Amino acid sequence: MGVYGMSRYNFLEVEPKWRDAWEKGASFSASEDAGREKYYVLEMFPYPSGRIHMGHVRNYTLGDVVARYKKARGYNVLHPMGWDAFGLPAENAAMENNVHPAKWTRENIASMRDQLKTLGLSLDWAREIATCEPEYYKHEQKMFLDFLEAGLAYRKESWVNWDPVDQTVLANEQVIDGKGWRTGAVVEKRQLSQWFFKITEYAEDLLKALEELERWPNKVRLMQHNWIGRSEGARVRFKITGRDDELEVFTTRPDTLFGMSFCAIAANHPLAEELGRTNPELASFIAECNQMGTSEEAIEKAEKKGFDTGLTIEHPFIKDRVFKIYVANFVLMEYGTGAIFGCPAHDQRDLDFARKYELDVVPVVLPKGEDPKSFTIADDAYTGEGALFNSEFLDGLGVEAGISAVIERLEKLGSGNGTISYRLRDWGVSRQRYWGCPIPIVYCDDCGAVPVPAHELPVQLPEDIDFEAPGNPLDRHPSWKHVACPSCGKPGTRETDTFDTFVESSWYFARFCDANNDHQAFSRSSVDYWLPVDQYIGGIEHAVLHLLYSRFFNRALSQCGYMDLAEPFAGLFTQGMVCHETYRSDEGAWLFPNQVNRSDDGALSHVDTGAPVKIGRSEKMSKSRKNVVDPVDIVNGYGADTARIFMLSDSPPDRDLEWTESGVEGAWRFVNRLWRSIVDVDESAPIAALNSARPTSLSEAGTSIERLIHKSIAGVTDDLEKFHFNRAIARIRELTNSIFEVSGTDAEAAWLRRFGLETIIRLLNPMAPHLTEELWERLGHGDMLVATDWPSADESLVVEETVTVAVQVNGKLRAKINLPRDADSTTAEQTALADENVHRAIGEKEPRRIIVVPNRIVNVVI
RNA sequence: GCCCCUGUGGCGGAAUUGGUAGACGCGACGGAUUCAAAAUCCGUUUUCCUUACGGAAGUGCGAGUUCGAGUCUCGCUGGGGGCACCA
C-alpha cells in the first residue's frame with residue numbers, strides 16, 4: 001500500500017509471476033490438431049542486434065494482440081519467434097571488437113530473448129530458430145540443390161554492383177543513389193560469376209496472384225505490381241548493314257516504327273563491347289558510361305549522350321533506308337534487349353536525343369483534329385492516342401490496332417514478334433561474405449560446378465577464420481575450400497560465396513511449422529496444416545524484396561514438392577514507424593530524450609549543464625539522431641502492460657506513432673485506476689461476489705449500463721477483427737469511465753460493477769495480459785484468463801430500445817428527439833414537428849417534404 | 001515527370017461508410033484534498049456572438065451532386081511515400 005491507502009500496480013511482482021505461470025502451463029505451446037481450426041500469426045523476425053527497440057515492441061505487441069485474441073476465440077494458434085541471424089553486422093563486430101561472429105550473434109540472441117520475454121508475448125519458444133545454425137541452413141542447402149535440378153537456380157557472368165568497403169556484391173535494390181545501402185560507399189560495376197534464382201520464371205504468376213491477396217494492403221500490392229513491371233510490346237530484329245548479325249530491340253510502341261530515326265544500344269551491350277575493342281574513343285565513352293554506375297542521381301544529372309558507332313541498320317518495312325546505331329548512356333542492358341529504336345516524335349527522351357544529334361523527327365500518330373499536312377512536333381513529343389499516318393500499311397489505324405498489325409507483319413517477315421517484357425530481374429544470391437549460408441558447390445577443372453551431394457550436407461562454416469583483411473575470410477582460409485570433386489574425386493575447390501540473407505528469411509515461415517525436424521526442412525503434413533500464415537505483420541520497408549522473395553520461394557518449394565500452396569501470407573499488415581521529437585544543444589549536437597529537462601513553463605534545458613535545448617520535429621527513432629527511448633527502461637519503469645497499452649492507444653497501427661512521455665503516463669494512470677478499482681475496493685462501491693446472479697430486474701439506469709457492457713463487447717470484438725486497436729482501447733476506457741460512475745451499495749450496483757469489471761478485464765486481456773490475469777485472480781477466479789473464452793455479447797442488448805434521432809430543418813440540426821427503436825415514419829415525423837425548436841425553425845412556412853431515415857434522422861425541408 | 005496515400009480542435013486521433021462532427025487520450029485552465037508538493041479526485045476545454053435561453057460559422061482552398069457531404073465528383077493547394085532515361 002502506498003501513501004493515503006492507495007496501492008499501485010506492482011508490475012515488478014505481477015508480470016514475472018504470470019509469465020512463469022504461462023510457461024509452466026505451456027499456455028502457448030502449439031501442436032497440430034486436425035479437429036481444430038488453426039490460426040498462424042507471424043511477425044517479421046528480428047535481426048539479433050543485441051537490443052530490442054521500440055519498433056520491435058510495436059510489431060510484437062500488435063502480433064500478440066492478434067494471437068491472444070484468436071486464441072480466446074478458440075483457434076489453435078501458432079505464434080513463433082526466431083532470429084534472422086546471418087548478416088554483415090556480425091562481421092563488422094568481428095572486425096571492430098575481435099569477437100567471432102557466431103559468438104557475437106549467439107550472445108545477442110540470448111540478451112534479446114531475455115528482453116523480448118519481459119514483454120509477455122504469447123510465443124511458443126519451443127519453436128525458436130536461428131538461421132545461422134547448421135540445423136537451419138542445412139535444409140536451405142538442400143533446397144538449393146533441388147532448385148538447381150528444377151532449373152530454378154543457375155550461374156551466370158553478370159555485371160554487379162560492387163561495394164568497395166564491404167567487398168561484396170549488392171543487389172540493385174541495395175544501391176541507393178549510387179551508394180551501398182549499408183556503407184554509403186560509391187558503388188562500382190564489376191563482372192563476376194554469380195548464382196541466381198530464377199524468379200522471372202514466375203513473373204506472370206507473381207503479378208497475377210497479387211489480385212487474390214485481398215488481405216494485403218493495396219499499397220504493397222501496387223508496389224510489387226510496379227516492381228515486376230510487366231509491359232507488352234514487340235521484339236524487332238534489324239539487319240545490321242554489311243554484317244551477318246542482327247540487332248534486336250524491344251519496344252512497347254511498334255506502331256511508331258515508321259517514325260524511327262535511330263537505334264541506340266547500352267554501353268555494355270555485346271555489340272558495343274565488340275566495337276569498343278577496336279575503337280579507343282568508343283572505349284572511353286563506354287568507360288564513362290560505366291563510371292556513371294546505376295545511380296539514378298548520376299544518370300539524371302548527366303545529359304543524354306550518344307556515340308555514333310558508324311554502323312547502320314536496315315528498316316524492315318522501308319526499302320533503301322538505313323539508320324545509325326548509337327551507344328547511348330540512357331539505355332540499360334538489364335531491361336529488354338539492351339537496345340532500342342528511337343522515335344523522336346512520340347517519345348520525349350528520343351526527341352531530346354534527336355534534337356541534340358540533329359536527327360529526323362517524323363510524326364506518325366496524328367492527334368484528333370490535327371491536319372496531317374501541318375502537324376509538326378516542336379519541343380514536346382506526342383504520346384497520346386491518334387490515327388497513324390506517314391506509315392504505309394498502317395495509315396488510318398489507331399495505336400492499338402497499329403501495334404497488332406505491325407506485330408503480325410513482323411512475324412510474317414521473320415523479323416520480329418510480339419512479346420512481354422518484365423522489369424523484374426532474376427535474383428542474384430551470391431555474396432562474398434563469411435557470415436552466411438555456404439553455397440553447396442564444388443568447382444572442378446574437369447567437371448565444372450558440381451553440387452555437393454545431399455548426404456554430405458551441411459557444408460558448414462569453418463570456425464577458425466580471421467578478419468584481418470577486407471574481403472571474404474572463406475576465400476583465404478588455408479584448408480576449408482580444398483576438397484575432392486564429388487563427381488570425379490580430383491582436387492577441387494568449394495564455392496566460397498554465401499547466400500544473400502534474404503534467402504533465409506524467404507522460408508522461415510514454413511520452418512516454424514516443424515521447427516525441430518532434423519531430417520527435413522519441414523514435414524509435408526505440418527505445412528499442410530499450418531500454412532498459409534493467416535496474419536503476417538511487419539514494416540513497410542519489406543513491401544517489395546522480402547515479401548516478393550518469400551512468394552518466389554513458396555512457388556519454387558511447391559514446384560519441388562516440399563508443399564502445395566499458392567501464397568505464403570494470406571493476410572499482411574504493415575505497421576507504421578515509432579517516432580520521437582529530436583533535441584539539439586545550441587552547438588547542434590543531438591541529445592537523448594533523457595538528457596533533456598522540461599520546466600513548468602515548457603522550456604527545455606540540458607539535465608547536467610542547464611544549457612538551453614532546441615526542439616526539432618518528430619522523426620523515426622534512430623541512434624544517429626539520439627531520439628530513442630529504450631524499451632528496457634520503459635518496461636522497468638512502468639511495466640510491459642503500460643508500454644503495450646500506450647503502443648496501441650493513440651495511433652492506428654498502420655500509421656506512425658508519436659512516442660510521448662505524457663502518453664505513457666496516461667496509460668499508466670489508466671492501469672492504476674483499474675487496478676485500484678479491484679484491489680482497493682471502496683466500501684461505498686462494493687463488487688458483487690464471484691458468480692453472483694444477475695438481479696431479476698434492473699433499474700432504467702442499470703439497464704443502460706448493462707447494454708453498454710454488451711455494446712462494448714460487440715464493439716471491441718469488431719475493432720480487433722479490423723485492426724482498430726486504438727478504437728478498441730478507447731471503447732474499453734469509455735466503458736471503464738461508465739462503470740466507475742455507477743454509484744450505490746445495492747445488489748444491482750454491485751452486480752453491474754462485477755459484470756462490468758470482468759468484461760473490461762477480458763476485453764483488455766490481449767493488450768495487457770499480465771495486469772488482467774492478476775485482476776482476474778483477485779476477482780476470485782481460479783482459472784487463468786489465458787485459458788478463458790472471449791466474451792460474447794447478447795445481441796438483443798446491443799441494440800437500444802430507444803434511440804436519439806436528430807431533427808434537421810433544411811439540413812441544419814435543430815433538435816434531438818427520443819423515439820422507440822424502429823418507430824414508423826409517421827411517429828417520427830409527428831414527434832419531430834411537435835418539438836419546440838423545430839417548430840420555431842419552421843416558422844410560418846409549410847413543410848414541402850420530410851425525409852425520415854429510421855433510427856437516424858428526420859429532415860424537414862421547407 | 002508518373003503512380004499511390006493523406007489534410008478534422010492547442011496535439012494524437014474518433015465518426016456505425018452519405019445521416020447528431022470532435023468519441024477516447026494528451027495538453028491547458030479552474031476547483032477539491034494537502035502546511036506545501038507529488039499522487040488522486042471533480043469540473044471546463046472547436047471558434048465567434050449572448051448574462052442566460054439560444055444563435056452563427058466550422059473537417060486544407062474553390063466549385064458541384066444531394067433533402068443532407070469530413071465521407072461522393074471535378075479543379076487547386078500543402079504534406080508523405082513509391083517508381084523512374086524501363087524503350
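All values reported here derive from a predicted model rather than from experimental measurement. In the text below, chain A, chain B and the rest are named by the order of the sequence lines, each starting its count at 1.
The gap from the P atom of rG18(B) to that of rC29(B) amounts to 42 Å, rounded to the nearest Å. Nucleotides rU8(B) and rC83(B), compared at atom C1', are 31 Å apart to the nearest Å. The gap from the P atom of rG7(B) to that of rU59(B) amounts to 14 Å, rounded to the nearest Å. rC74(B) and rC11(B): their C1' atoms are spaced 33 Å apart (whole Å). Comparing the same atom, C1', in rG58(B) and in rA69(B) gives a spacing of 14 Å after rounding to whole Å. If you take atom P in rG25(B) and the same atom in rC41(B), they sit 12 Å apart, rounded to whole Å.
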Quiz item: Is there a ring-ring contact (aromatic ring centres under 6.0 Å, His included) between F262(A) and Y357(A) once you walk through the steps?
Solution: CA-CA 10 Å; F262(A) 66 95; Y357(A) 293 100; 8.6 Å; no

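Between C343(A) and F341(A) there is a side-chain heavy-atom pair separated by less than 4.5 Å.
A donor and an acceptor atom, one from each side chain of N627(A) and T582(A), are nowhere located under 3.5 Å apart. Checking D650(A) against N726(A) by side-chain atom types alone, no donor-acceptor pair falls below 3.5 Å.
Annotation: proximity of residues 848-861 of chain A to RNA chain B (heavy atom, distance under 4.0 Å) is found for R849(A), I851(A), V853(A), R856(A), I857(A), N859(A), V861(A), numbered in ascending order.
The CG atom of D255(A) lies 8.5 Å from the NE2 atom of H346(A); values are rounded to the nearest 0.5 Å.
The phosphate of rU16(B) (OP1 or OP2) has no side-chain N or O of K711(A) nearer than 4.0 angstrom.
Syn is the classification of rU17(B), since its glycosidic angle stays within 90° of 0. More than 90° away from 0 lies the glycosidic angle of rG43(B), which makes this nucleotide anti.
Under the 6.0 Å distance and 45° angle rule, R733(A) counts as a cation-pi partner of F670(A).
As a whole-Å value, the separation of R230(A) CZ from rA87(B) P is 13 Å.
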